[in-house]
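The structure appears below as structure tokens.
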Amino acid sequence: MDYDSVRAVDPAVADALGGERDRQEETLAMIASENHVSEAVLEAQGSVLTNKYAEGYPGARYYAGCAHADEVEELAIERATELWGAEHVNVQPHSGTQANQAVYFAMLEPGDKILSLELNHGGHLSHGHPANFTGQTYTVEQYEVDAETGRIDYDGLAELAESFDPDIIVSGYSAYPRAVDWERIQAVADDVDAYHLADIAHITGLVAAGVHPSPVGVADFVTGSTHKTIRAGRGGIVMCDAEYADDIDKAVFPGGQGGPLMHNVAGKAVGFKEALDPSFEEYAQAVVDNAETLGETLADHGLSLVSGGTDTHLVLVDLRESHPDLTGGEAEDALAAANIVLNANTVPGETRSPFNPSGIRAGTAGLTTRGFDEAAMEEVGDLIYRVVDAHDDDSTIEAVGDRVLELCAEYPLYAE
Ligand SMILES: Cc1ncc(COP(=O)(O)O)c(C=O)c1O
């Protein structure tokens, strides 16, 4: 990955690409939505399929010359079907957000009602936030997590559903560390005759590996990102029962997109093949075990975890109890200076602004890909605590940063 061809044309971009490669090699990527794909996935995404227009679907394209595009898309669909077990899969959405957009576009009319989790409580912009097209196109009501337990308030959700009478209930979250009870939400949706969209963007890999319960076969629609815990090419996916297949396909193309990004579809196919290998189950289990270890380590140091722990790949720390004067943004900056990259995050009952909230969110998918085990994760937890607790002490930040560099060298990412 020397980017020689890029350098010959455009040294500035080659420098940026090389800088980014080095940054990823020399920092701990703990943003919960990120992961490190394999060189095989990188190669597929950087392939000549970027040149190909393939509007339509395998066997029914609007352009000639799609034989290889068809092969690749069919493989991606076959493998996704094997991984998640849905009756119908569409692998063309350019992103998780566009996968959600396809479901709304297929099933709702403007003004229809979405019931979804509040952003501060772990929801996602594409579930009805006013700044997103969903918030401006549909009528949105939001449920919350229980203030005491930090877990979805399923009873509150049922009550709201009763009074609001939604057309669709959205489950699946961005910053929710606990397993989701899909059946319970489906029962609420059934009671009020609403569709149920389960957005498993973050936990696609955990669900595929069976280390998190699956909403496939429970919810009407399941969407996801393909580059997070599933570690495949960048983009999105929609899954549904056969009865909705045509509606969903039409909503993806031509409803919301033009030509599919076939190089990314190739990256999805390759990543899905990797995820079908039995070693992926071990990986996904290690992601969850590592998150548990990380959470326990931080809690042992006195940090407060939303919901008290995790069942997934992420932990959400509410800094207000242990460090009332430290904002999530300040913690994020101090950690970044120590080569630990995670993000400031809102927490349930947020009292600060979304731009500088009270929490930090950390995920273990990327480090687990590098081979970090529970002992290494415990050390990472210790390092995070040291920085949080001494966030304005330059010598601590420097010492932690140096130790992170050693860890990165011990667990290299891409071969030179
Ligand atoms: C729950 C949820 N849905 C959708 C998305 C959007 O995914 P993408 O960035 O692929 O559009 C995210 C992103 O993290 C997410 O957390």
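Order of listing sets the numbers, starting from 1, for every ligand and every atom in it. Residue numbers run from 1 in the order of the sequence given.
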So which heavy atom in the protein is nearest atom 8 (P) of ligand 1, and how far is it from that ligand atom? Gly96 N, 3.5 Å
Under 3.5 Å, is there a donor on one side chain and an acceptor on the other for Gln45 and His263? no
Contact between ligand 1 and Arg234 is defined here as a heavy atom of the residue under 4.0 Å from a ligand atom; is it met? no
Are side-chain N/O atoms of Gln24 and Glu20 paired as donor and acceptor at under 3.5 Å? yes
Between the main-chain N or O of Ala106 and the side-chain N or O of Asp247, is there a donor-acceptor pair closer than 3.5 Å? no
Closer than 4.0 Å to some heavy atom of Lys228 - which atoms of ligand 1 meet that? 5 (C), 6 (C), 7 (O), 12 (C), 13 (C), 14 (O), 15 (C)
Residue among Tyr104, Tyr244, Phe105 satisfying ring-ring contact (aromatic ring centres under 6.0 Å, His included) with Phe221: Tyr244
Heavy-atom contacts with Ser225 under 4.0 Å: which atoms of ligand 1 show up? List them by number with element. 7 (O), 8 (P), 10 (O)
I'd like to know if the side chain of His196 pairs up with that of Asp190 as donor and acceptor (distance under 3.5 Å, no hydrogens or angles considered). no
If you take the nearest heavy atom of each of Ala201, Ser174, Ala175, which one is closest to atom 16 (O) of ligand 1? Ser174
Could you list which atoms of ligand 1 come closer than 4.0 Å to a heavy atom of His227? 10 (O)
Which of Arg231, His227, Lys228 passes side chain to side chain contact (heavy atoms under 4.5 Å, CB included) with Asn35? Answer is Arg231
Sub-3.5 Å N/O-N/O distance, Gly172 and ligand 1: no
Heteroatom distance test (Ser33, ligand 1): nitrogen or oxygen, under 3.5 angstrom: no
Does ligand 1 have an atom that lies less than 4.0 angstrom from a heavy atom of Gln98? no
Would the number of heavy atoms belonging to other residues, nucleotides or ligands and lying under 6.0 Å from OH of Tyr53 be above 12? no
Among protein heavy atoms, which lies nearest atom 4 (C) of ligand 1, and at what distance? Asp199 OD2, 3.4 Å
